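Take a look at the structure set out below.
Residue numbers run from 1 in the order of the sequence given. As the structure is a computational prediction, the values presented were derived from the model and not from experiment.
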Amino acid sequence: MNKVLVILLVMLSVKVSYAQQWTLKDSGTGLIQDNGSDKAPKIIERGNRWNMKHLEENGAMEGKYRGSQLFASWIQGPETKEFTDGKGNPVWLFRYSVSNPEGYVLKSDTSRFQQSGYAFFSLKEETHADGVWKVEWFLVNRQTLSEILIATNIFESVTTTSGKKNTFNLKAVP
């Protein structure tokens, strides 16, 4: 009985040690430059108020804004080599959900982080909808498929470029 208890405790401590190896370093929404899957993207401009219609019309959703800038939401954790299992596979994966101002929620599939520890995606769906957008990032355990909410980014899309600030309320999504 003691032997079974010791083995169980060792297994639980291994799972806990994996969880302690992933730490949120950064998250945001803005303009980035993709440097490839093994290098961190360069954050050009971050913010919480964007004219997404302007960005879409000028190629930001395809990575062509001001040359090669992409309008994206991102998250950064440790390099993937820091959270692998005994077989060299990343223990932690990610997924995200995007809530647009019209109430639609897009949920991504589970994916791997880049080797640099980054994950990002371009906001292409209904990009010109004005209002409050919410991006939620989830850490997913590869073995158990359990999820943990690790970051939330909120930004406002406006079609005017004036300095006038709009007031808005964010409704909780159940």
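- Within the 3.5 Å criterion, the main-chain N or O of Pro90 finds a donor-acceptor partner in the side chain of Arg142.
- A donor-acceptor pair under 3.5 Å links the side-chain atoms of Asn58 to the main chain of His54, judged by distance alone.
- The structure places CZ of Phe155 at 4.5 Å from CE of Met52, a figure rounded to the nearest 0.5 Å.
- Pairing each heavy atom of Leu93 with each of Ser111, the nearest pair is CB-O, 3.2 Å.
- Hydrophobic cluster membership differs between Ile32 and Val135, with clusters built from Ile, Leu, Val, Met, Phe, Trp and Tyr side chains linked at under 4.5 angstrom.
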Quiz item: For Glu62 and Lys64, what are the C-alpha separation, side-chain angles and deciding distance, and is it a salt bridge (charged side-chain N to carboxylate O under 4.0 Å, His left out)?
Solution: CA-CA 6 Å; Glu62 289 82 33; Lys64 298 176 184 173; over 6 Å; no
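- Using a distance-only test at 3.5 Å, with no hydrogens or angles considered, a donor-acceptor pair links the side chain of Ser73 to the main chain of Gly28.
- Hydrophobic clustering, with ILVMFWY side chains joined whenever heavy atoms are under 4.5 angstrom apart, groups Ile75 together with Leu139.
- Here the OG1-CG distance, from Thr159 to Asp130, works out to 4.0 Å after rounding to the nearest 0.5 Å.
- Taken from CD in Glu136 to CD in Glu147, the straight-line distance is 10.5 Å, to the nearest 0.5 Å.
- Within a 6.0 Å radius of NZ in Lys25, more than 12 heavy atoms belonging to other residues, nucleotides or ligands are found.
- Residue Arg46 forms a side-chain contact (heavy atoms from CB on, under 4.5 Å) with just one option from Thr29, Leu31, Asp26, and that option is Asp26.
- Clustering ILVMFWY residues whenever any of their side-chain heavy atoms sit less than 4.5 angstrom apart, transitively, puts Ile44 in the very cluster that holds Met61.
- Between Lys107 and Arg95, the closest side-chain pair of non-hydrogen atoms falls below 4.5 Å.
- No side-chain heavy atom of Ile154 sits less than 4.5 Å from a side-chain heavy atom of Asn48.
- For the residue pair Gln76 and Trp22, the shortest heavy atom distance occurs at O-CH2, 4.3 Å.
- Here Phe94 contributes atom CZ and Gln114 contributes atom CD; the two are 8.5 Å apart, rounded to the nearest 0.5 Å.
- Residue pairs meeting the salt bridge (charged side-chain N to carboxylate O under 4.0 Å, His left out) criterion with at least one partner in residues 108-122, sequence neighbours excluded, do not occur; the list is empty.
- When atom types are taken as modelled, the side chain of Asp34 and the backbone of Pro41 share no donor-acceptor pair closer than 3.5 angstrom.
- Put simply, the side chain of Ser157 gets close to the backbone of Ala129: a donor and an acceptor are under 3.5 Å apart.
- Here the closest non-hydrogen pair linking Phe120 and Ala72 is CD1-CB, 4.3 Å.
- The aromatic rings of Phe121 and Tyr96 lie parallel to each other, their planes meeting at an angle below 30°, with 60° marking the opposite boundary.
- Screening Ser146, Ser108, Ser97 for a side-chain contact (heavy atoms from CB on, under 4.5 Å) involving Phe138 leaves a single residue, Ser97.
- At a cut-off of 3.5 Å, with distance as the only test, a side-chain donor of Trp137 or Asn153 sits close to an acceptor on the other residue.
- Closest approach of Ala40 and Asn35 over heavy atoms only: O-ND2, 2.9 Å.
- Val91 and Val140 fall into different hydrophobic clusters, where Ile, Leu, Val, Met, Phe, Trp and Tyr are joined by side-chain heavy atoms under 4.5 Å apart, directly or via other members.
- When the side chains of ILVMFWY residues are joined at heavy-atom separations under 4.5 Å, either directly or via intervening members, Ile43 and Tyr65 end up in two distinct hydrophobic clusters.
- Without hydrogens or angle criteria, Asn100 side chain to Trp133 main chain gives no donor-acceptor distance under 3.5 Å.
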